[in-house]
Amino acid sequence: MKFVARSLGLLLIAAGFIGLVIDGTWSIVNNAVSFAPIAKVVGLLFPGGMAGLEGSIAQRGYPWLWDPIVTNFLQMPASLTGFAIGALLMWIGQKPLEPIGYLAER
């Protein structure tokens, strides 16, 4: 399980770096700092996925979850969010530290 967490974390960190390079390129072209939000990236990867996500959350009776929480999450920068989630997964999946020395009270 730790291997999966480390692998997925490394993949998300790499994707976050690639997204940061793309965002930096767009910022240079537009002469203004701009980040691609998660909603835009999800819309590019899964066409029609945003409408389906909103419909599934609203149909299950959680409109309070969609409006303040999910919409704010989807407005966050995708590259920085990828970095943060990837770093969290790398921290969760880290190998345990080996003890230094030996126990003297034996």
*Please name the pair of heavy atoms, one in Arg6 and one in Lys95, separated by the smallest distance, quoted to 0.1 Å.*
NH1-CG, 3.2 Å
*asked:* Between Leu88 and Leu11, is there shared hydrophobic-cluster membership here, with clusters defined by ILVMFWY side-chain heavy atoms closer than 4.5 Å?
replied: no
*asked:* Could you see if Val70 belongs to whatever hydrophobic cluster contains Leu45? Use Ile, Leu, Val, Met, Phe, Trp, Tyr and a side-chain cutoff under 4.5 Å.
replied: yes
*Does atom NZ of Lys2 have more than 12 heavy-atom neighbours from other groups under 6.0 Å away?*
yes
*What's the spacing between Phe83 CZ and Met90 CE if we round to 0.5 Å?*
12.5 Å
_As an exercise, state the distance from CD1 of Ile38 to OG of Ser79, rounded to the nearest 0.5 Å._
9.5 Å
*Ala36 and Val41: which non-hydrogen atoms are nearest, and at how many Å?*
CB-CG2, 4.4 Å
*Working to the nearest 0.5 Å, report the span between CG of Asp23 and CD1 of Ile28.*
11.5 Å
*Of the non-hydrogen atoms in Gly93 and Ala5, which two are nearest, and what is the gap between them?*
CA-CB, 4.1 Å
_Among residues at least two apart in sequence or on other chains, which ones pass side chain to side chain contact (heavy atoms under 4.5 Å, CB included) with Ile85?_
Leu12, Thr81, Leu89
*Is it the case that one hydrophobic cluster holds both Val42 and Ile69, taking links as side-chain heavy atoms less than 4.5 Å apart, direct or via other members?*
yes
*Would you mind telling me which of Leu20, Ile22, Val21 makes a side chain to side chain contact (heavy atoms under 4.5 Å, CB included) with Ile18?*
Ile22
